[in-house]
**Student:** 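Handing you this structure, nothing more for now.
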Amino acid sequence: MSQEGLALAVERMRARGMGPEAVTVFEHYYRQLEEGAQGTIPEDTIEPLADPQALGEVRVSDEDARRALRQTAVIKLNGGLGTSMGMSGAKSALEVKDGLTFLDIIAQQVLSLREQWDVELPLILMNSFRTSEQSLEILGRYPTLPVDGLPLDFIQSAEPKLLADSLRPVDWPEDPELEWCPPGHGDVYVSLVTSGVLDSLLAKGIRYAFISNSDNLGATCDPDVAAWMVEHGLPFVAEVCTRTKSDRKGGHLATRTSDGRLILRDTAMVAEGEERFFGDIKRHSTFNANNIWVDLVVLRERMAEREGFLGLPIIVNRKTVDPADPASPEVVQLESAMGAAIEVFEGSEALLVPRTRFRPVKTTNDLLVVRSDYFVLDESYHLVAVGEGPEPFVDLDSAYRLVQGFEKRFPHGVPSMVECTSLRVIGDPVFGRNVRCVGDVLVDGLRRVHDNAVLEGPVEAPAEPPRTEQRPAADFRTVDQHLRAILSTLEPAPTTTVPLTEALGLAVSRDVRSRVSLPPFDNSSMDGYAVRAASLAGAGGGAGGADGSGVPLRLVGEVAAGEDPSFVVGPGEAARIMTGAPIPEGADAVIAVEDTDGSADGSVLCRASVPPGRYIRPRGEDVSEGSVIVSAGDVVNPRTIALLAACGHATVEVHRRPHVVILSTGAELVPPGKALQPGQIHDSNSSMLWAEAVSAGASAEVRGVVGDTDAELLAALDAVVAEADVVITSGGVSMGAYDVVKSALAGQGVDFVKVAMQPGKPQGFGYLAAPDGRRVPIFALPGNPVSSFVSFEVFVRPALRRLMRLSPEKRRVRTATLTAGLRSYLGRRQFGRAVVTRNSEGALMCTPVAGQGSHFVADLSRANALFIVPEDTADLVAGERVDVILLDD
Ligand code: AMP
Ligand code: MG
């Protein structure tokens, strides 16, 4: 069975063009797997690595270093896709520091070593099919990088993933690339040979290779290591670092007791139940940094001896065929580790190197630290820590786990980390510019971390760092100040008694008591027979539980809804009764017609007994006469109207709807429906403000357009003020030469102010004196249609509601996630127009409309919400949350 699996897998590899060596290696592993090899290294077969040479104690002359470097090539394992960080391409193409990708930095590190030591130092990537093109494109930025006679990369092998139960190659038509996996980085040896790169290197006199991961920016080609290796004639050197508590997972080196050779034990090679040995950082005090140095001459010899494969220990990696889908079939991937080759080379050594040579970026937490000012790139493009303390520990919430989420939330770069010991973020705030972390920082539940914030200790909402005070310029009012100025002066609208059909939405001005009891009399809730419960005591179970026997009762009458029965129901008697009909005297229960024979005269046979009170709706059960049914301040809704009517009220006393009179100003305006002459536009504000006023619960009236002279405006106002409770004008309030409202009314009881908002900066509010002595509030709104609309929403709607004694904030403010970034004025509150929708998960998403100019009526009409950008925020990025006012609620 599995013989067949092997044959199928090999066939696939050949069809894909894999060379015979790659196939041989795969066959070797496949047999090992079949034989039950789990690739484990039990603790009792090894001794911990004893006292490795420390790099810090190695002394090398410049001449020796140069000589060693002349014979050295840098090989970077670059097949990684960064899928765990949400990337689709080569991981090394990620911008990691100062706008440079891993590959840029690697190239610069090599170029600067070449210059410093006057050596050729070739750089070669081991790519996968998926990373080659993108990576070479980046290296293409460095024209002097290629070295004569050598490629810039070679491609690692691929092998089929095997179904876990049958060990046959898996089929995955949805994405056939997922049927393949790289055979682990131990494949580098095979691929060096099969690609011909090993021979090319040797032909150029390059004898040593420094091999490391491209995501480890600390892995520079250190001349001291090269020289040490050459001096001692070492065939293979593995760099190790001292383990700390947080590195319990990586593999470690050890000495195999059977032959005294160094071996590598990776996480996947730990025997069951031996995790505690593996995790014991005292016992196994160093870990494998996966930076290795190989003598290529010895490598070629070993490969030749072993017919093309080193026979590295197998690693059996169990996954699902689609790693992103845990429900996809389980597969095994046969892999080997690069460092495991240490056991193949007699005389291999471990070298204890400083932690700075191990700086991999595996997560966005790592990325944050590397990007931050805790590290700088020195002139040789080495990553150097400038922070004095230990490297900060970073733990970002899941929203930052993938690179896209991370980038979105640090649109202006990551915070300063030089003085930070740890940063933990709970929630998903977007970080502003120039944020500084100091000491141990916990950010919990913030929506946004503001520009220039200094985070120290726990920072929780609402103890958000004080927002940079964005005081409006001296002659401005804030939105809240202006609204307060308006609301504080308004008198409640007079009260009036209106028919119920006109009361909807109005606030009741005094308590209302019921004129009757509800129900007004005991009545039946069923069609059936009014009886004395005692008459049916022997009639079987409960209602509906007939036992067949039944009790006959004599019929003494019938009562329908609306009748007033004059008879009495005595023992052994019944009266037919309909739903809603009064219960006749003497009866204390109703038996449903379904529990009887339904007879209309003579007697009725009852098949159930009933408890007293059954199916009787007693008088006053719902409302008792004289009790308060609606309180002052309640807002009349359809249910209130039902109650008032049921309790005998045809009218109700309420705060009256204010009558709003609307005037538009501007010589250019003509009513819609009339043809435009040159220079004219249609008056849209009048009808829009009318609709807004009506939707706010007021009654409203359009008085049309007034020209741009003081006299015309004053005359128009005189004509309306007697009938108006509120006047709204639009236009003529800014700085133009014909700003009639301002020129006619300033100093006449109307204040014209600048409000720190956008749109809607110029606002006028005050009172006109009516002939009967009333003071009539007037709102002088700006003329641009969008400004007028926003001004109504922000100031007039709350004011009308206050007049009507309704709570000013009817519109609910919610938060929604921006789908696009935007800019705003510092110091002004922006009310943008947006379309707010729910996404498939039910979250509110806010898409600003294209035209945010105050004259875009079409975009205004497309919008269903206003989004609010606070005064202290200049720009927002996609993914940030904003407050929104839903306009159609
Ligand atoms: P104003 O504040 O009067 O200068 O008006 C500002 C802008 O709004 C000008 O472009 C006016 O033409 C326009 N505008 C003013 N009133 C109205 C209105 N009732 N309908 C449509 N546009 C108007
Ligand atoms: Mg005007």
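What you see below is based on every heavy atom in this structure, not just the backbone, and it leaves out hydrogens, waters and symmetry mates. Ligands are counted one by one from 1 in listed order, and the atoms in each one are counted from 1 as well. For the single chain, residues carry numbers from 1 onward in sequence order.
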**Student:** Can you pull out the closest protein heavy atom to atom 6 (C) of ligand 1? Residue, atom name and distance to 0.1 Å, please.
**Tutor:** Asn784 N, 3.7 Å
**Student:** Say whether, by atom type as modelled, one donor and one acceptor occur between the side chain of Thr817 and the main chain of Glu880 under 3.5 angstrom.
**Tutor:** no
**Student:** Just grab all the salt bridge (Lys or Arg N to Asp or Glu O under 4.0 Å) pairs involving residues 829-851, residues at least two apart or on different chains.
**Tutor:** Asp480-Arg829, Arg829-Glu871
**Student:** Of the protein's non-hydrogen atoms, which lies at the shortest distance from atom 22 (N) of ligand 1, and what is that distance?
**Tutor:** Ile681 CD1, 3.5 Å
**Student:** So, using ring pair (Phe, Tyr, Trp, His ring centres under 6.0 Å) as the criterion, who are the partners of Phe867 when residues are at least two apart?
**Tutor:** none
**Student:** Using a strict 4.0 Å cut-off to heavy atoms of His682, name the atoms of ligand 1 that fall inside it.
**Tutor:** 20 (N), 21 (C)
**Student:** Nearest non-hydrogen contact with atom 13 (C) of ligand 1 belongs to which option: Pro762, Gly783, Pro671, Ser730?
**Tutor:** Gly783
**Student:** Where is the nearest protein heavy atom to atom 19 (N) of ligand 1: which residue, which atom, and how far?
**Tutor:** Asp683 OD1, 2.8 Å
**Student:** Hey, what do you get for CG (Asp683) to CD (Glu668), rounding to the nearest 0.5 Å?
**Tutor:** 9.5 Å
**Student:** Are the charged groups of Arg703 and Glu723 less than 4.0 angstrom apart, N to O?
**Tutor:** yes
**Student:** Say whether His855 and ligand 1 are in contact under the criterion: heavy-atom distance to a ligand atom below 4.0 Å.
**Tutor:** no
**Student:** For Ser664, counting its heavy atoms only, list the atoms of ligand 1 lying under 4.0 Å from any of them.
**Tutor:** 19 (N)
**Student:** Answer yes or no: is there a donor N or O on one side and an acceptor on the other, between the side chain of Asp859 and the main chain of Phe856, under 3.5 Å?
**Tutor:** no
**Student:** Without hydrogens or angle criteria, can the side chains of Ser695 and Arg797 be said to hold a donor-acceptor pair below 3.5 Å?
**Tutor:** yes
**Student:** Are a donor atom and an acceptor atom from the side chains of Asp883 and Thr815 found within less than 3.5 Å of each other?
**Tutor:** no
**Student:** Tell me, please: is Ser684 in heavy-atom contact with ligand 1, that is, under 4.0 Å?
**Tutor:** yes
**Student:** Going from OG1 on Thr837 to CG on Asn864, what distance comes out if it is rounded to the nearest 0.5 angstrom?
**Tutor:** 8.0 Å
**Student:** Need the ligand 1 atom indices (1-based, order shown) with element for anything under 4.0 Å from a heavy-atom of Glu668.
**Tutor:** 11 (C), 12 (O)
**Student:** What is the closest protein heavy atom to atom 4 (O) of ligand 1, and at what distance does it sit?
**Tutor:** Asp739 OD1, 3.9 Å
**Student:** Could you check atom 17 (C) of ligand 1 against the protein and tell me its nearest heavy-atom contact, residue, atom and distance included?
**Tutor:** Asn685 ND2, 3.3 Å
**Student:** I'd like to know whether ligand 1 has Gly732 as a neighbour, heavy-atom separation below 4.0 Å.
**Tutor:** yes
**Student:** What atoms in ligand 1 come closer than 4.0 Å to a heavy atom of Leu669?
**Tutor:** 16 (N), 17 (C), 18 (C), 19 (N), 20 (N), 23 (C)
